[in-house]
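Below is one structure, written out as structure tokens, with a few remarks after it.
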Amino acid sequence: MPCRSLIRVYPDSYTLSATLRACSTGSLIRPGQQAHALAITSSIAGDPLVSTRLIDMYFSCHLPVVAALVFDSAPPLALKNQVLWTMFITGLTKNGETRTAMERFHSMRALDIESNQFTLSTVLSACASERALRFGFQVHGYAVRMGVGSSPFVQSSLVSLYSKCSDFSSAKRVLETSNLDDPVSWNALIVSCARGALHEDALSLFAEMHHQGLPLDEFTYPSTLNSASSTGDIGSGRCIHCLILRSGFDSHMHVGNALVDMYAKLGSFDCARRVFNEMLERDVVTWTSLLVGLARQGLHDVALQLYSTMRAHRVEPDEFATAGALSSCAGSTALELGRQVHAASVRCGLETFLSVTNSLVTMYAKCGSINDACGVFDASTCRDAVTWTALIVGYAQNGRGRDSLRLYDAMLFSGIRPDYVTFIGLLFACSHFGLVESGRAYLESMEKVYHIIPGPEHYACMVDLLGRSGRLEEAVELLERMGVESDATMWKSLLAACRVHRDVLLAERAAQRLFELAPEDAVPHVMLANVYCAAGRWADVARVRSLMRARGVSKEPGWSWMEGGGAVHAFRAGDRGHPRAADIFAMVAEMMQRIKKEEGYKAETGFALHDESEEGKAAELAHHSEKLAVAWGLITSPFGKPIRVYKNLRVCGDCHAALKLVAKVYERVIILRDANCFHHMREGTCSCGDYW
DNA sequence: ATAGGGTTAG
């Protein structure tokens, strides 16, 4: 057997520590493991110096379990080492294992290993994450006994702990004894104020820092700006922006992000854009801040353009960007794009985030794709009240009141507490289904069992519920005795009920209130005209029309649109602007002919706006935007696929009746979302139960 | 050798 002589160089612990430190800095797991192996073959893995660096390396590579294995297998001598323990507890805290960090600190004390300011600041920050105020108090006392109570690191951790636990007086007491030149404690306090919605306090702390001449740093500004935008005070926001520019902190990305966020939240998109454009580097937060700001102002299409620009810049969306984009898809009913964002979120493993799940359910429900909403819900592993509520509301809006209420029972069964919005969904479902008694019971349990005070949205649903079921007097009574001020939505519900139940007198009363509440709104005028129309009071119809002219209110033009082939096709009434207008009008003619012949359809000319002959009215109705859009759907979308149409106003009564028959004759499902709810039309019936 | 505070959501 030939003897191969190998010259092996065994590294010493200093060399290996240096290598491991490099692996930690770069989160390099493979070289880190090789160094670990080398430490074992060199018999120096148990050296306290090496163990410390090994643990640090595994934590930096986000492998807390391996780090714990290394720690627990360290030799007894190393386990007496204060630094090794500190490193281990710090690593646990940084990896979010704050509970374990506290437990390990407890063991450290039990083994009589002393702590220093390094250990204690970390442990206090773990306590802060766990909101463990009592344990934190004990650590505070121990820190004082160990003589490190005045270390700026310990003090800032204490301020953070107390303020996160809302013990602001203790936080301020620590702050008053702290080193004046250190802004970290102040920053911690400002952050907690901002998180706890104490925005005025946050701003005055900032002012005090500034007044005392304390150094402000790149951590001070983001949370202060957050409070400035939350108070809606653009003046102080601009002042802070000036300070940032003068001190040069605008070069920090977090500060720039906070500025973009503030201006976007306050609706100053020019300023937000300018900061955005001038930033030296941007990350996903920069883009998301702008996107969410746009979405909040209802500028969903711009937000979605921004999302695709972000993707084009190869910025990977995270769960916040994804949730924001999905919420804009919901806001502009962009189902196709929503599906793409959904697919991308699955590819990136983001769909398990609660925020993404919630916005997916909401997006599908608001786009009328309730089965997809249901699918996301069923596949989700983590649900909160928002998840359940999104589907409860979704079912209700899509005309599935029973499923909505059934889901609420399941929600209670799974131990999730309903919130304010849940009850809006439930009452909406009840009004949809005409369940007067259930509605009353939900309203009562909301107050008595869950101690949630009903707001205008709940009363609006109740008025609608009572009105629909013909209990008009009761509805009026509720409007007068409820604890909140009546608003236009509630009176509109009542007016709609008056139209259905032909109560002209009450309709006039409701309309009068609406003219006072929202004089420039055309809808009440049109609804009142419809009431007169149904009662055959043509002179009054004409009077309302001239009133509208005199007041200069005009009906918002109705338009309908549908997605297809990656584009949106939009139609106005009588619109011949589409490149294939001839085909569309031919299809409308065919549609109307077939439903007349096969289903005995007759135009409901009461819904025609202009005074003309009966034939003229019928022709006007036939070219309403929703009929044009459905015709386009029949031409372009394959058989078997639902035709999805969206309308900005409520669907007109004649279109509703006609399209139900179109769905039957053409054996197609038509899903029409109007300003009020979804209409799932199939085989001649509609999910709204003909009341909307 | 070891330490503290930040921006984005439904």
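Every heavy atom of this structure was used, including side-chain atoms; hydrogens, water molecules and symmetry mates were not. Bear in mind the structure is a predicted one, so any value in this text is a computation, not a measurement. Throughout, a chain's letter reflects where its sequence line sits, starting with A, and its residues are numbered from 1.
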Test of ring centre spacing under 6.0 Å for Tyr221(A) and His252(A):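 Centroid separation for Tyr221(A) and His252(A): 6.0 Å or greater.
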Regarding Arg104(A) and the six-membered ring of Trp85(A), is the cationic atom NZ or CZ under 6.0 Å from the ring centre and inside 45° of its axis?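 So Arg104(A) doesn't make the cation-pi contact.
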Quick check with a 6.0 Å cut-off and a 45 degree axis cone: is Arg109(A) positioned over the face of Tyr142(A)'s six-membered ring?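 Yes; both conditions hold, so Arg109(A) lies above the ring face of Tyr142(A).
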Mind running side-chain hydrogen bond (donor to acceptor under 3.5 Å, both in side chains) on Thr422(A) and Asp419(A) for me, showing each step along the way? CA-CA 5 Å; Thr422(A) 314; Asp419(A) 65 13; 2.8 Å; yes
Would you classify [X] as touching base, sugar-phosphate or nothing, given that sugar-phosphate means primed atoms plus P, OP1 and OP2, and contacts are heavy atoms under 4.0 Å?
| X | value |
| --- | --- |
| Ser157(A) | sugar-phosphate |
| Asp56(A) | nothing |
| Gln155(A) | nothing |
| Val191(A) | sugar-phosphate |
| Lys366(A) | nothing |
| Arg195(A) | sugar-phosphate |
| Leu354(A) | base |
| Arg296(A) | sugar-phosphate |
| Asp283(A) | nothing |
| Thr362(A) | sugar-phosphate |

Going by atom types only, do Asn187(A) and Thr220(A) share a side-chain donor-acceptor pair under 3.5 Å?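 Thr220(A) and Asn187(A) do have a side-chain donor-acceptor pair below 3.5 Å.
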Reading DNA chain B in the 5' to 3' direction, which nucleotide is the first one with an atom under 4.0 Å from a heavy atom of chain A, and which is the last?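 Result: dA1(B) to dG10(B).
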Should Arg53(A) and Asp47(A) count as an ion pair when the cut-off is N to O under 4.0 Å?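 No, Arg53(A) and Asp47(A) are not salt-bridged.
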Going by an N to O cut-off under 4.0 Å, is there a salt bridge joining Arg21(A) and Asp56(A)?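 No, this pair does not count.
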With a 4.0 Å heavy-atom cut-off, tell me which residues in residues 74-94 of chain A come close to DNA chain B, sorted by residue number.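 By residue number: Asn81(A), Val83(A), Thr86(A), Met87(A), Thr90(A), Lys94(A).
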Indicate yes or no for a side-chain donor-acceptor contact from Asn95(A) to the backbone of Gly91(A) under 3.5 Å, with no hydrogens or angles considered.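 A pair under 3.5 Å: yes.
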Please give me the minimum heavy-atom distance between Ala390(A) and Val361(A), naming the atom from each residue.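 Looking at all heavy atoms of both residues, the closest pair is CB-CG1, 3.7 Å.
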